[in-house]
A.B. asks: 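Next up is a structure, given as structure tokens.
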Amino acid sequence: YQVNDKYLLDVKVENNTIEITNSEKPLSYLSIFNLGDLKVKMYLTKDTLNSLVINSSTGDIAIHEGFTFNDVNIVCSTGDIGISTLNTNSMNLTVSTGKIGLDKCNIDEDLICKISTGDIVINDTNITGKYDGHASTGDTYLSNVLMYKELFGKEFLEYIMSQDNPLEI
């Protein structure tokens, strides 16, 4: 499927999985003047969906609208990941350069957030499993987050109401 003079889009559905791959057309005279952003917008039902897997080299990823997935796995080389009002069993977010932002999410099992350069911002989110967050060059900000912690071999629930200073986790 040709999106415009610059991009080609390949959309496949296989084993109940939608795969969208974009590629640039070879450089042509017209593509020099058409350097706009490529946006892919998908409309899904709000039923519980099995898995959300996104692999992106460059660009922002935004998921809003209150979806429910069994698991979420997003890898982005350069760009921001912004997710709000999402319910999932587990979530694994990896970014090389950008930002990870979660707002009003419910995660029944584990949340893994890894970013090389950039910040992790989590607001109004419940994490029933374990949280593993690591920002190599950047900060982690938590606000109104309910999560399980382990201390001296015992698990307990911790509520972080507000955090004015960055926290490295």
Side-chain angles (χ1 to χ4, degrees), residues 1-4 7-24 37-136 138 140-150 155 157-160 169:
Y1 174 73
Q2 184 169 334
V3 176
N4 57 29
Y7 293 104
L8 296 173
L9 202 59
D10 183 30
V11 180
K12 291 191 273 188
V13 177
E14 205 170 283
N15 296 326
N16 290 328
T17 301
I18 299 171
E19 181 180 329
I20 301 173
T21 307
N22 70 334
S23 61
E24 289 190 36
D37 292 334
L38 172 67
K39 291 186 180 184
V40 176
K41 189 178 264 192
M42 293 182 59
Y43 296 93
L44 304 171
T45 64
K46 285 196 176 184
D47 300 334
T48 298
L49 303 167
N50 192 25
S51 296
L52 175 65
V53 178
I54 299 174
N55 293 307
S56 173
S57 57
T58 303
D60 295 341
I61 298 168
I63 302 168
H64 309 290
E65 302 297 330
F67 290 105
T68 299
F69 294 97
N70 288 333
D71 58 274
V72 173
N73 186 359
I74 301 175
V75 176
C76 180
S77 294
T78 303
D80 299 338
I81 298 174
I83 300 174
S84 65
T85 62
L86 185 132
N87 301 301
T88 185
N89 289 333
S90 64
M91 186 180 293
N92 187 341
L93 308 174
T94 304
V95 175
S96 295
T97 303
K99 178 176 144 185
I100 295 174
L102 296 178
D103 187 50
K104 295 178 182 75
C105 293
N106 289 303
I107 301 151
D108 293 334
E109 294 173 10
D110 298 341
L111 169 62
I112 299 170
C113 294
K114 296 193 183 208
I115 189 164
S116 296
T117 304
D119 296 333
I120 299 170
V121 179
I122 303 174
N123 297 311
D124 301 318
T125 294
N126 297 324
I127 307 165
T128 307
K130 300 230 182 341
Y131 170 63
D132 178 11
H134 181 71
S136 297
T140 299
Y141 301 92
L142 306 174
S143 175
N144 296 324
V145 175
L146 183 64
M147 72 172 78
Y148 280 91
K149 289 270 198 164
E150 188 173 315
E155 284 190 2
L157 207 53
E158 179 179 11
Y159 178 67
I160 300 170
I169 296 181

A.B. asks: Sequence neighbours excluded, which residues qualify as side-chain contact (heavy atoms from CB on, under 4.5 Å) partners of Thr88?
C.D. replies: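 Per chain and number, Thr88 pairs via side-chain contact (heavy atoms from CB on, under 4.5 Å) with Phe69, Val72, Leu86, Met91, Ile107.
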A.B. asks: Excluding sequence neighbours, so at least two apart, what forms side chain to side chain donor-acceptor pair (under 3.5 Å) with Asp124?
C.D. replies: Asn144
A.B. asks: Among Asn70, Asn106, Asp108, which residue satisfies the side chain to side chain contact (heavy atoms under 4.5 Å, CB included) criterion with Asn87?
C.D. replies: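 That would be Asn106.
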A.B. asks: Within this structure, what is the CD1-CD1 distance for the pair Ile115 and Ile120, rounded to the nearest 0.5 Å?
C.D. replies: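 Those atoms lie 6.0 Å apart.
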A.B. asks: Evaluate the side-chain proximity of Leu111 to Ile122: yes if any heavy-atom separation is below 4.5 Å, no if none is.
C.D. replies: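 Yes, close enough: below the 4.5 Å cut-off.
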A.B. asks: My understanding is that only one of Asn92, Thr94, Ile83 makes a side chain to side chain contact (heavy atoms under 4.5 Å, CB included) with Ile74; could you say which?
C.D. replies: Ile83
A.B. asks: If the condition is side-chain contact (heavy atoms from CB on, under 4.5 Å), which residues does Asp60 pass it with, not counting sequence neighbours?
C.D. replies: Asp80
A.B. asks: Can you sort out the partners of Asn89 under side chain to side chain donor-acceptor pair (under 3.5 Å), two or more places apart, ordered by chain and number?
C.D. replies: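 With neighbours one apart ignored, the set is empty.
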A.B. asks: Locate the shortest heavy-atom distance separating Ser77 from Ser57; write the atom from each residue and the value.
C.D. replies: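 Heavy atoms of Ser77 and Ser57 come nearest at CB-O, 3.0 Å.
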A.B. asks: In chain order, what residues pass the side chain to side chain donor-acceptor pair (under 3.5 Å) check against Asn73, with sequence neighbours excluded?
C.D. replies: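 Partners of Asn73 under the side chain to side chain donor-acceptor pair (under 3.5 Å) test: none.
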A.B. asks: Can you name the one residue among Val75, Ile61, Ile81 that meets side chain to side chain contact (heavy atoms under 4.5 Å, CB included) with Val95?
C.D. replies: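 That would be Ile81.
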A.B. asks: Take Leu52 and Ile63, measure what side-chain contact (heavy atoms from CB on, under 4.5 Å) needs, and give me the verdict at the end.
C.D. replies: CA-CA 11 Å; Leu52 175 65; Ile63 302 168; 3.3 Å; yes
A.B. asks: For a quick test of your reading: what N or O donor-acceptor pairs under 3.5 Å do the side chains of residues 98-105 make, sequence neighbours left out?
C.D. replies:
none

A.B. asks: Mind jotting down which residue pairs meet the side chain to side chain donor-acceptor pair (under 3.5 Å) criterion with at least one end in residues 111-120? Sequence neighbours excluded, please.
C.D. replies: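 Listed once each, the pairs would be none.
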A.B. asks: Side-chain donor-acceptor pair under 3.5 Å between Ser51 and Asp71, yes or no?
C.D. replies: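 Yes.
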A.B. asks: For Asp110, enumerate each residue passing the side-chain contact (heavy atoms from CB on, under 4.5 Å) test, keeping only those at least two apart in sequence or located in another chain.
C.D. replies: Lys130
